[in-house]
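Just follow the structure's listing: the first ligand is 1, and inside any ligand the first atom is 1.
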Amino acid sequence: MDNYKVKPGEKIDLSKINPSDKGDWEGKKEKGVEIFLQNRQKIVQLQEILYAEHKRRLLVIIQAMDTAGKDGTIRAVFEGVNPQGVRVASFKVPTPIELDHDYLWRVHSQVPGKGEITIFNRSHYEDVLVVRVHKIVPEAVWQKRFQHIRDFEQMLVDEGTTILKFFLHIDLEEQRERLLERIEDPEKQWKFNPGDIDERKLWNEYMHAYEDVLEKTSTEAAPWYIIPANANWYRNLLVSSIIVNTLENLGMKYPQPVENIQQYRVALKKP
Ligand code: AMP
Ligand code: MG
């Protein structure tokens, strides 16, 4: 898993990172799916403890090009968790009220509370991605944001939040096939957005902007993982493994029961 982690300051050339890479799992899809399903069970159990403990917070940030599988990853990896303690925050084109504030305002209000897992489907990174590619604000403005974002995330971590950031990496050909599927499959047509075709034309600009994000905002505190995402099963396996590993390393425990819990049996004796 550490192979996919971006070291702080590491130079990234996305054209050299294979979105179909399967590491040691080449040709082992069946086993990979099995392990993924086990991971999912573990996530359900670990989330239960996180919620009961009410001490730590987990923020999972997912960024990717259209069709790369943000929604699918969330659906697959978090299936079965207790909805009481897990929330998805999707960041769309900012509303007028959001635009009246600084770009972190809407984001900060959505971060997880104690005992909670929050998944960001897109995030404050859009403010150095789409905003940059479409020249929505001048460079002098977005350039400063890398530092803001590092500091903001560091603050969250210092205050007890664990942050994982996943970039789901697909290539143009995979996107072409997935967009065609959205045109052809009646159950996927609702997902087709003609705007995605325009965004696709800006692919290289986006890759360049993503490289900058990965280089400048992967920190010890809040690392980025580049997830090869052409194959859904491998994507799910990697993301779920990293989440399990992270949660297991938190050393969470169920809270201590009240003192002398056994004494309350008496009060529950049948008359
Ligand atoms: P989707 O995730 O496919 O529902 O699309 C959401 C859209 O909102 C994407 O096209 C994003 O680029 C766009 N979006 C998200 N955040 C921002 C932002 N801060 N500024 C401009 N557009 C944004
Ligand atoms: Mg979309």
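Using a 4.0 Å cut-off between heavy atoms, N193 makes no contact with ligand 1 at all.
Not counting sequence neighbours, the partners of Y254 by the side-chain contact (heavy atoms from CB on, under 4.5 Å) test are E48, I49, A52.
Salt-bridge formation is not detected for the pair R75/E79: no Lys NZ or Arg NE/NH1/NH2 atom is positioned less than 4.0 Å from an Asp or Glu carboxylate oxygen. Salt bridge status for K11 with E211: absent, with no side-chain N to carboxylate O gap under 4.0 Å. Contact check on R106 versus E98 returns a salt bridge, with a Lys/Arg side-chain nitrogen under 4.0 Å from an Asp/Glu carboxylate oxygen.
The one candidate from E126, K70, R122 that meets the side chain to side chain donor-acceptor pair (under 3.5 Å) condition with Q63 is E126.
Taking every heavy atom of V131 and a limit of under 4.0 angstrom, the matching atoms of ligand 1 come to 20 (N). Residue F91 approaches ligand 1 through these ligand atoms, each under 4.0 Å from one of its heavy atoms: 15 (C), 16 (N).
By the 3.5 Å distance cut-off applied to N or O atoms, D127 is counted among the residues near ligand 1. Checking only distances, R122 does come within under 3.5 Å of ligand 1, N or O to N or O.
Note on ligand 1: K191 sits outside its first shell, no heavy atom being nearer than 4.0 Å.
Nearest-residue assignment for atom 17 (C) of ligand 1 (options K70, E199, R106, E98; heavy-atom criterion): R106.
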